[in-house]
Visitor: 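The structure follows.
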There are 2 protein chains.
Amino acid sequence: MAQARRYAGGVDGNRSLERGIEILRAFRPGVDTLGNGEIAERTGLPRSTVSRLTRTLVNSGMLDEVRAMRAYRLAASVISIGHAMRTGSPVLNAIGAMMRAESAKRRLNVGLATADRTMMVYLESIRYSPRAALRNVVAGQQVPMELTSLGRAYLAGIAEAERERLLKLFKRRSAAATKALLADVRTSIRSVERNGYCAVSWQPGVLAVATPIVLGGLPVYALNMSLQNVDRSEALAGEIGAYLNAFAAKCKEVLAGQ
Amino acid sequence: MAQARRYAGGVDGNRSLERGIEILRAFRPGVDTLGNGEIAERTGLPRSTVSRLTRTLVNSGMLDEVRAMRAYRLAASVISIGHAMRTGSPVLNAIGAMMRAESAKRRLNVGLATADRTMMVYLESIRYSPRAALRNVVAGQQVPMELTSLGRAYLAGIAEAERERLLKLFKRRSAAATKALLADVRTSIRSVERNGYCAVSWQPGVLAVATPIVLGGLPVYALNMSLQNVDRSEALAGEIGAYLNAFAAKCKEVLAGQ
DNA sequence: CCAGCGTTTCCACTAAGTGGAATTAGGGGG
DNA sequence: CCCCCTAATTCCACTTAGTGGAAACGCTGG
């Protein structure tokens with residue numbers, strides 16, 4: 001038997017840890033409280049295993065037990081780890097202040113995101129508002145990769161193989177308008193290649209324009225600028241795109257100098 | 001042998017998962033990039049084990065590999081989980097908007113925090129600034145429990161046994177000014193019991209006042225109000241304390257109605 | 001090209017984890 | 001008040017998945 005013996009502590013990673021993380025991932029906006037049964041269903045893990053792993057996660061401070069409901073919630077630890085991530089992000093550190101300044105100067109929203117599986121997650125999202133007292137930052141929010149300018153810019157920035165892998169996943173997910181959607185995505189990608197940016201109106205009345213940021217040794221990021229309460233027009237997209245290209249160039253310059 | 005056989009899938013939790021979480025925890029503000037060796041040192045785990053677990057964490061999307069430095073960084077996933085936590089927090093959902101309004105009305109900083117081990121972590125921290133354009137929210141930031149009004153209010157709010165456990169930990173940590181510090185902490189706790197709040201100037205020039213929020217079935221939280229560029233005075237502390245008590249009462253009312 | 005160091009892989013060993021079945025705990029409803 | 005019903009937890013025979021010291025590997029700077 002030529003097949004070499006596969007040892008358990010092997011290359012494919014630690015099963016329990018993987019499963020524990022998957023449990024944490026089962027909580028997301030809109031799913032704030034989960035019992036062991038529901039977790040088992042969502043993750044496909046056996047009930048007894050879930051019971052043991054949730055116990056561990058509670059002991060480690062990642063979950064809070066809601067005894068009254070026989071359920072769990074994400075604990076405060078997860079945001080302190082999240083905070084550490086933002087704090088340690090070299091890209092956000094380098095250009096966060098510039099993003100805020102740019103938002104004020106151009107009077108539009110500026111965001112920075114990267115991928116989490118098939119979603120884009122905002123590292124920072126500065127919402128411009130003339131009444132500046134309103135909330136301005138949403139970090140950690142997810143938006144779908146296929147449907148947003150951010151996601152498509154990201155797709156344009158990553159390696160061929162990874163891109164095709166993701167496109168296949170989108171195909172599998174949305175059985176419906178797949179053909180049109182994928183064509184749309186590819187158009188956006190081509191737009192990035194040609195003009196440096198792509199424009200998408202994912203939500204009605206908001207025009208978003210995004211561009212990838214590719215740096216060796218770091219994940220690919222995407223920068224975007226957006227405006228609410230406007231109609232999508234080529235002219236406007238072009239204008240914002242020009243701002244974005246200029247801003248991204250400045251950012252890359254700063255980032256190149258570590 | 002009376003000792004019942006202890007089975008491995010036992011009550012004490014899953015070892016690998018615990019260790020994986022400990023690795024994530026090793027990253028914190030100021031420690032943004034860690035190699036396997038450094039992780040092994042900080043966590044006390046054997047190098048080969050760390051190597052396997054970090055691989056798993058990369059596969060699960062919790063860590064990014066920085067190949068150039070043979071090191072890892074927290075990945076974007078952690079902030080999306082953090083975001084889910086904030087989104088799902090019933091307390092933050094119930095009183096977040098009120099906190100913002102209160103900050104504007106009273107012209108001071110308003111914060112909400114809870115414990116992560118021996119640290120307090122902000123779920124929300126609204127920094128009042130007359131020039132409202134400045135950044136306003138810091139979620140996930142940690143401050144030491146023993147030294148802050150937030151932490152001492154928390155200590156006043158939790159059960160006796162847990163409080164004593166924590167106090168013992170503080171004693172072990174800061175070998176130095178322990179006696180005075182612990183007395184100080186107990187004074188603050190008594191202040192909470194008597195007046196509903198305690199006042200501490202942890203950072204020079206900022207006066208912070210905090211009160212616990214205790215709800216059945218949820219972790220204990222602490223609310224605080226603070227002001228920069230002031231001297232600590234009993235009068236001022238009393239004034240802010242009164243505001244805080246009033247505000248906390250309103251919050252508890254809202255929270256009581258789920 | 002080699003030396004030195006940190007990382008990854010190997011592998012014998014077995015404790016640690018697994019999951020189906022049995023048990024227990026909770027919490028309405030009769 | 002007690003009894004069901006549901007869902008979570010514990011039990012435990014089984015064995016695989018994980019462990020960690022040692023060896024191999026692969027950078028990087030001299």
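Heavy atoms only: backbone and side chains are in, while hydrogens, waters and symmetry mates are out. Proteins come first, then strands; the chains are lettered A, B, ... in the order of their sequence lines, and each starts at number 1.
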Visitor: Using the salt bridge (Lys or Arg N to Asp or Glu O under 4.0 Å) criterion, which residues pair with B:R163? Sequence neighbours excluded.
Guide: B:E160

Visitor: Between B:S51 and C:dT8, is there a contact of a side-chain N or O with OP1 or OP2 at under 4.0 Å?
Guide: yes

Visitor: Residues two or more places apart in sequence or in another chain: which of them pass side chain to side chain donor-acceptor pair (under 3.5 Å) with A:R15?
Guide: none

Visitor: For B:T148, check side chain to side chain donor-acceptor pair (under 3.5 Å) against everything at least two apart and list the hits.
Guide: none

Visitor: Show every donor-acceptor pair shorter than 3.5 Å between a side-chain atom in residues 65-84 of chain B and any protein atom, with sequence neighbours excluded, or say none if there are none.
Guide:
| residue | atom | partner | partner atom | Å |
| --- | --- | --- | --- | --- |
| B:R73 | NE | B:T33 | OG1 | 3.4 |
| B:S77 | OG | A:R25 | NH2 | 2.4 |
| B:S77 | OG | A:D116 | OD1 | 2.5 |
| B:S77 | OG | A:D116 | OD2 | 3.2 |
| B:S77 | OG | B:G61 | O | 3.2 |
| B:S80 | OG | A:D116 | OD2 | 2.9 |
| B:S80 | OG | A:Q142 | NE2 | 3.3 |
| B:S80 | OG | B:S77 | O | 2.9 |

Visitor: Would you mind classifying the nucleic acid contact of B:S16 as base, sugar-phosphate or nothing, using non-hydrogen atoms under 4.0 angstrom?
Guide: sugar-phosphate

Visitor: Please tabulate, for the side chains in residues 36-49 of chain B, all donor-acceptor contacts under 3.5 angstrom to protein atoms that are two or more places apart in sequence or on a different chain.
Guide:
| residue | atom | partner | partner atom | Å |
| --- | --- | --- | --- | --- |
| B:N36 | OD1 | B:T54 | OG1 | 3.0 |
| B:T43 | OG1 | B:I39 | O | 2.7 |
| B:T43 | OG1 | B:L45 | N | 3.4 |

Visitor: Considering the terminal five base pairs at each end of the helix from C:dC1-D:dG30 to C:dG30-D:dC1, what angle separates the two local helix axes, rounded to 10°?
Guide: 50°

Visitor: By nearest atom, which of the nucleotides D:dT9, D:dT19, C:dT18 is closest to the A:R47 side chain?
Guide: D:dT9

Visitor: Check this for me: does the side-chain of A:R52 come within 3.5 Å of the base of C:dG19 through a donor and an acceptor?
Guide: yes

Visitor: Sequence neighbours excluded, which residues qualify as side-chain contact (heavy atoms from CB on, under 4.5 Å) partners of B:N93?
Guide: none

Visitor: Under a 4.0 Å heavy-atom cut-off, which of residues 30-42 of chain B touch DNA chain D?
Guide: none

Visitor: Is any side-chain N or O of A:T49 closer than 4.0 Å to OP1 or OP2 of C:dG19?
Guide: yes

Visitor: Look for any protein N or O under 3.5 Å of an N or O in nucleotides 24-30 of chain D and output each such pair with its distance, or none.
Guide:
none

Visitor: Just jot down the side chain to side chain donor-acceptor pair (under 3.5 Å) partners of B:R190, sequence neighbours excluded, or say none.
Guide: none

Visitor: For A:R28, give me all partners under salt bridge (Lys or Arg N to Asp or Glu O under 4.0 Å), at least two apart in sequence or on another chain.
Guide: none

Visitor: Taking 4.0 Å as the cut-off, does a side-chain nitrogen or oxygen of B:R55 come that near to OP1 or OP2 on C:dT7?
Guide: no

Visitor: Are the charged groups of B:E162 and B:K168 less than 4.0 angstrom apart, N to O?
Guide: no

Visitor: Under the side chain to side chain donor-acceptor pair (under 3.5 Å) rule, collect the residues that match up with B:E193, sequence neighbours excluded.
Guide: none

Visitor: Any carboxylate oxygen within less than 4.0 angstrom of a Lys/Arg side-chain nitrogen, looking at B:E22 and B:R117?
Guide: yes

